[in-house]
Amino acid sequence: MNSNNIPFVDLITQHLEMEEELTSVFREALHSAAFIGGRAVQDFEYMFAKLCEAKFCIGVGSGTDALRFALMASGVAPDEAVLTVPNTFIATTEAISQSGAHPEFVDVDERTYNMDPERLREYLGTKCDRDQFSGRPISRRTRRVISAVVPVHLYGQPADMDEIVELAEAWNLLVIEDACQAHGAEYFSRNDGRWKRCGSMGKAAAFSFYPGKNLGACGEAGAVTTNDADLAQRVRMLRDHGQAEKYYHDIEGYNGRLDAIQAGVLRLKLDHLPEWNRQRREKAQHYGELLASVEGLVLPFEPSWARAVYHLYVVRIQDRRELQEHLKEAGIGTGIHYPIPLHQQRAYRQLGYGKGDFPVTERVAPEILSMPMYPQLTESEQEAVARVVKECLVAPGSVS
């Protein structure tokens with residue numbers, strides 16, 4: 001096969017296009033010696049809060065820091081349980097565990113791969129008792145009080161937040177959004193009759209700016225967004241050794257600050273994010289047109305209440321390995337997000353989950369395959385991807 005040399009993600013072209021702008025950020029930091037905090041961080045925090053339609057943004061060292069600090073600052077107590085999904089990156093559950101809490105899982109919707117509100121309703125109604133004092137659920141499985149739910153806006157697709165928030169309010173649960181893949185994604189709230197940005201719908205939200213994200217730093221970075229001033233202040237203290245002011249430590253915190261160079265990079269890129277997201281949506285639509293007729297290939301489903309930003313373009317196919325190898329031989333990169341559900345990972349063996357506990361996640365995990373997706377992806381490259389997919393699936397077993 002001729003090599004098309006289409007990478008799964010292109011992190012070079014974007015940065016070369018912005019090379020002079022990005023270099024100016026480093027030059028300014030050298031000239032001012034403002035490496036930690038300062039104007040660059042404050043400017044980015046202000047503009048990212050505005051993008052998310054939130055009152056506050058607090059820059060931190062990573063997306064994992066962001067979720068951990070959001071949970072801690074919102075009042076999740078050690079040894080309580082937090083509900084999330086098994087179909088996500090381990091950082092979601094790491095943040096829960098590292099905050100002192102314990103993850104428990106609710107299965108996902110087979111079309112969106114996000115938390116299924118009906119399964120959440122079933123879990124709360126049939127697998128929990130209600131604490132008579134707090135009104136919160138107590139897991140019958142672990143006897144732990146559940147204090148929060150963390151819906152993940154996976155692949156840049158918003159979770160169905162209206163129903164999740166309603167259930168959380170009925171059970172006195174905090175809602176912390178894992179928006180690490182959903183920068184700029186929008187959700188139409190049927191309850192409020194308007195579009196809302198991911199990062200504005202829970203008590204707080206966590207974002208990652210890992211380089212491959214829609215809004216990526218040139219290193220590690222993250223942020224918490226919230227409309228709660230007290231929570232925002234607690235996150236500021238947690239990220240900076242618990243300091244209310246320099247050398248006055250009201251609590252024990254962490255070294256989890258966003259450095260000024262990364263903030264400057266993100267601030268420059270933030271101006272481009274709406275256009276980059278628009279291009280991702282266009283490319284997702286074009287993939288849909290190219291691949292719609294391919295039998296056995298399940299394409300992404302975008303509900304009418306979602307405007308996804310396609311951090312990843314994820315398809316499903318029963319024989320994933322053959323298709324992935326076929327694409328690889330043609331010089332086309334792919335990814336798998338994520339091959340082993342969290343409840344089946346060795347790291348969480350102590351949670352005691354078994355095969356069959358989350359049937360939807362277990363069904364989709366061996367089938368998901370992420371196709372090339374980035375703003376600089378051309379139509380001809382997408383057509384080449386589609387051509388190779390069709391070659392493989394129309395003539396199975398033809399891998400040479």
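Surrounding OH of Y46 are at most 12 heavy atoms belonging to other residues, nucleotides or ligands under 6.0 Å away. Heavy atoms of other residues, nucleotides or ligands lying less than 6.0 angstrom from CD of E28 number 12 at most.
In this model, a donor atom of one side chain and an acceptor atom of the other lie less than 3.5 Å apart for Y310 and E302. Y123 and D107 are not linked by any side-chain donor-acceptor pair at a separation below 3.5 angstrom, with hydrogens and angles left out of the test. Using a 3.5 Å distance cut-off with no hydrogens or angles, the side chains of H241 and E252 do not pair a donor with an acceptor. Side-chain contact of H15 with K269: a donor-acceptor pair under 3.5 Å is present, judged by distance alone.
Looking only at distances, no side-chain donor or acceptor of R190 sits under 3.5 Å from a matching main-chain atom of D162. Judged purely by atom type and a 3.5 angstrom limit, N214 uses its side chain to pair as donor or acceptor with the backbone of V309. When atom types are taken as modelled, the side chain of T225 and the backbone of A54 share no donor-acceptor pair closer than 3.5 angstrom. For the pair D271 (side chain) and L273 (backbone), a donor-acceptor distance under 3.5 Å is absent. The backbone N or O of S189 sits nowhere less than 3.5 Å from a side-chain atom of D192 that would complete a donor-acceptor pair. Between the K55 side chain and the T226 main chain, no donor and acceptor come within less than 3.5 Å of each other. Using a distance-only test at 3.5 Å, with no hydrogens or angles considered, a donor-acceptor pair links the side chain of S99 to the main chain of I96.
For E381 and R387, the salt-bridge test fails: no basic side-chain N is under 4.0 Å from an acidic carboxylate O.
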*asked:* Using salt bridge (Lys or Arg N to Asp or Glu O under 4.0 Å), reason through R257 and D240 one step at a time and then give a plain yes or no.
replied: CA-CA 6 Å; R257 296 167 296 210; D240 193 18; 2.9 Å; yes
*Between Y187 and W305, does a ring-ring contact (aromatic ring centres under 6.0 Å, His included) hold up when you go through it step by step?*
CA-CA 6 Å; Y187 172 81; W305 40 257; 5.4 Å; yes
*Using the salt bridge (Lys or Arg N to Asp or Glu O under 4.0 Å) rule, take E325 and R321 through it: C-alpha gap first, then chi angles, then the decisive distance, then the call.*
CA-CA 6 Å; E325 285 299 316; R321 178 174 295 180; over 6 Å; no
*asked:* For E110 and R363: C-alpha separation, side-chain torsions, deciding distance, then whether salt bridge (Lys or Arg N to Asp or Glu O under 4.0 Å) applies.
replied: CA-CA 9 Å; E110 190 162 355; R363 184 160 57 251; 2.8 Å; yes
*Chi angles and distances behind the ring-ring contact (aromatic ring centres under 6.0 Å, His included) call for Y353, Y348*: CA-CA 8 Å; Y353 290 110; Y348 293 118; 9.4 Å; no
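Residues P372 and V385 come closest through the heavy atom pair CG-CG2, 4.2 Å. Counting all heavy atoms, side chain and backbone alike, E186 lies closest to R197 at CG-NE, 3.3 Å. Looking at every heavy atom in both residues, L167 comes nearest to P117 through CD1-O, 3.5 Å.
Using bins of under 30°, 30° to 60° and over 60° for the plane-to-plane angle, the ring pair H183/F207 lands in the tilted bin.
For the pairing with S139, the side chain to side chain donor-acceptor pair (under 3.5 Å) check across R144, E104, H102, E80 returns one residue only, E104.
Among residue pairs with one or both ends in residues 60-77, those qualifying as side chain to side chain donor-acceptor pair (under 3.5 Å) are D65-R68, R68-Q98; sequence neighbours excluded.
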